[in-house]
Amino acid sequence: MLALRPIIVGPLALIALARSVASVDTVIVPGAPWTDTSGNLIQAHGAGILTVGSTYYWFGEDKSANGALFKAVSCYSSNDLLTWTRQNNALTPISGTSISSSNIVERPKVIFNKNNNQYVMWFHSDTSNYGAAMVGVATASSPCGPYTYKGSWKPLGADSRDESIFQDSEAAQTAYLLYASDNNQNFKITQLDSNYYNVTSTVSELSGATLEAPGIIKRNGVYYLFASHTSGWAPNPNKWFSASSLHGPWTSQADIAPESSRTFYSQNAYDLPLGSNGIYMGDRWRPDLLGSSRYIWLPISWASGSPQLVQADVWSINISAGTYSVASGTTYEAESGTLSGSAKVASGSGFSGGKVVGYLGHGGSVQIKNVQGNGKGQWVAVYYANGDSTYRNVTVSVNGGSSVLLDQPDTGNGQVTLSVPIKLNLNNGANTIAFGAGQSNYAGDLDKIIVYQQE
């Protein structure tokens, strides 16, 4: 592959594509544009989930301005974790305070306090250069508020950057702040006071752990801590730890996904129990276009005895049963397609069938023929390798029609593959899908595609 800078798709084009392909889906498609019931891209990054009865509330950072500065903490509601309606903003900038539009507000998490009948929001509060390293707190009388800002400070006088909140038991009302501290070197778990307005004492510290983006799931009396390491906006292999008490001791770190996948190019935001399983809710950050960062939601399974992310291009949830189902599709190998121009087949142990098609774009293309369709919009997972440090993209067209440009984040290594989804309108019966035609830049190397029947 040649390291050429990809063409960037503008925000309006991305929104138009999202509205056309994602508004009626009945499945979760990690990495796809996810729209709300009004057809707008969901803006709720660094997610926090609050459950009230049968309603889920998704809080997050509104990054629609494509920058890191604070625009709003959004609030969405859903009864199925799939269809989300945007409510009023939960928190908005206040000039002259630490949550002005010139400041940073990230990773909002909300829990309910039965003692004072308040919803309490905690968040990472910072200056634009991330030098303040504080927590912020706001309260409301209803899930989406709006919330009243109470203030920002350093918990127990120490740094706090990426953080989360864990409520250990609704009955006991014991809650904890999980946070990266001491210039991101040490990770701390600190108990909240009875009102959830402040912290009282640190119950556990993982010294030198360099962890951020934390979350906890309690399962069968064991606490499972999930977190990433610190690599800025770039992904890294997220880890898990376990302990029988929040006071520790904690096990040594272990990967929650294949290390080379860098957690399928994502960073943890929130971890939600689902029966005896869980849901990993992560962000695939795009720092040059933050509003187009994608959500990577995947099942967490303990089938192996330890928590592992289940790789799933398309999957669904049965909330009442506490289960999930991963869709199966039909695989078409790229090297079995018809190559044109400079496109070439290369070999590598990291590829399906040991082969990949490279030099797509810049005159090279491949047509995958006899792709079976159902006459409806279908999700197609495109598996590729991109060893650059920046995004590439590839043109995709069906049966000689107009092309759509599909973004291809870097995969960390030219021998490592990642999948990105695209929804295509395939004819009932045989179809031809072309990749790389008519683009001047090089695309990622194409490994295979998987075509799903689910809408």
Side-chain angles (χ1 to χ4, degrees), residues 7 9 13-14 16-35 311-316 326-345 351-353 355-386 392-408 417-439 441-455:
I7 302 167
V9 182
L14 287 166
L17 176 62
R19 286 175 173 167
S20 67
V21 302
S23 58
V24 295
D25 291 311
T26 57
V27 290
I28 292 176
V29 184
W34 199 344
T35 55
Q311 184 175 9
D313 296 320
V314 178
W315 64 288
S316 57
V326 176
S328 60
T330 303
T331 299
Y332 300 86
E333 295 288 346
E335 66 270 18
S336 298
T338 301
L339 279 62
S340 299
S342 58
K344 296 179 181 179
V345 175
F351 307 124
S352 173
K355 295 183 182 299
V356 68
V357 175
Y359 293 95
L360 295 176
H362 206 64
S365 64
V366 60
Q367 290 184 334
I368 300 179
K369 299 180 178 180
N370 200 31
V371 176
Q372 296 301 303
N374 61 14
K376 303 176 182 178
Q378 291 173 252
W379 283 108
V380 177
V382 178
Y383 282 76
Y384 69 95
N386 171 10
R392 291 193 178 200
N393 51 42
V394 63
T395 57
V396 183
S397 63
V398 176
N399 299 324
S402 59
S403 295
V404 174
L405 203 58
L406 180 65
D407 287 327
Q408 298 174 307
T417 62
L418 184 69
S419 71
V420 288
I422 184 170
K423 199 168 193 182
L424 299 176
N425 291 316
L426 301 180
N427 294 335
N428 189 32
N431 296 263
T432 298
I433 307 178
F435 295 88
Q439 67 181 97
N441 60 299
Y442 279 104
D445 297 341
L446 186 62
D447 184 13
K448 64 182 179 182
I449 64 172
I450 303 179
V451 179
Y452 294 90
Q453 298 299 315
Q454 285 79 359
E455 296 180 49

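The first residue of the sequence shown is numbered 1, and numbering continues consecutively from there.
Asn399 places a side-chain N or O within donor-acceptor distance of the main-chain N or O of Thr432, the cut-off being under 3.5 Å. Checking side-chain atoms of Asp447 against main-chain N and O of Ser352 turns up a donor-acceptor pair under 3.5 Å.
Among residues two or more places apart in sequence or in another chain, the side chain to side chain contact (heavy atoms under 4.5 Å, CB included) test is passed with Ser403 by Thr395, Ser397. Legend: residues meeting side chain to side chain contact (heavy atoms under 4.5 Å, CB included) with Thr330, ordered by chain and number and at least two apart, are Tyr332. Take Thr331 and apply the side chain to side chain contact (heavy atoms under 4.5 Å, CB included) test, not counting sequence neighbours, and it matches Glu333, Lys448, Ile450. Taking the side chain to side chain donor-acceptor pair (under 3.5 Å) definition, one finds that Gln311 meets it with nothing, sequence neighbours left out. Scored by the side chain to side chain donor-acceptor pair (under 3.5 Å) test, Asn427 finds no partners at all (sequence neighbours excluded). Remark: Asn425 engages no residue in a side chain to side chain contact (heavy atoms under 4.5 Å, CB included) (not counting sequence neighbours). The side chain to side chain donor-acceptor pair (under 3.5 Å) search around Ser419 returns Asp313, not counting sequence neighbours.
Annotation: side chain of Val451 is not in contact with side chain of Gln372 (no heavy-atom distance under 4.5 Å). The shortest side-chain heavy-atom distance between Leu424 and Asn431 does not fall under the 4.5 Å cut-off. A 4.5 Å side-chain heavy-atom check between Asp407 and Val420 finds every atom pair outside the cut-off. The side-chain heavy atoms of Val394 and Leu446, taken from C-beta on, include no pair separated by under 4.5 Å.
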Verdict with supporting geometry, Val382 and Phe435, side-chain contact (heavy atoms from CB on, under 4.5 Å): CA-CA 10 Å; Val382 178; Phe435 295 88; 4.0 Å; yes

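The aromatic rings of His362 and Tyr442 lie tilted to each other, with the angle between the two planes from 30° to 60°.
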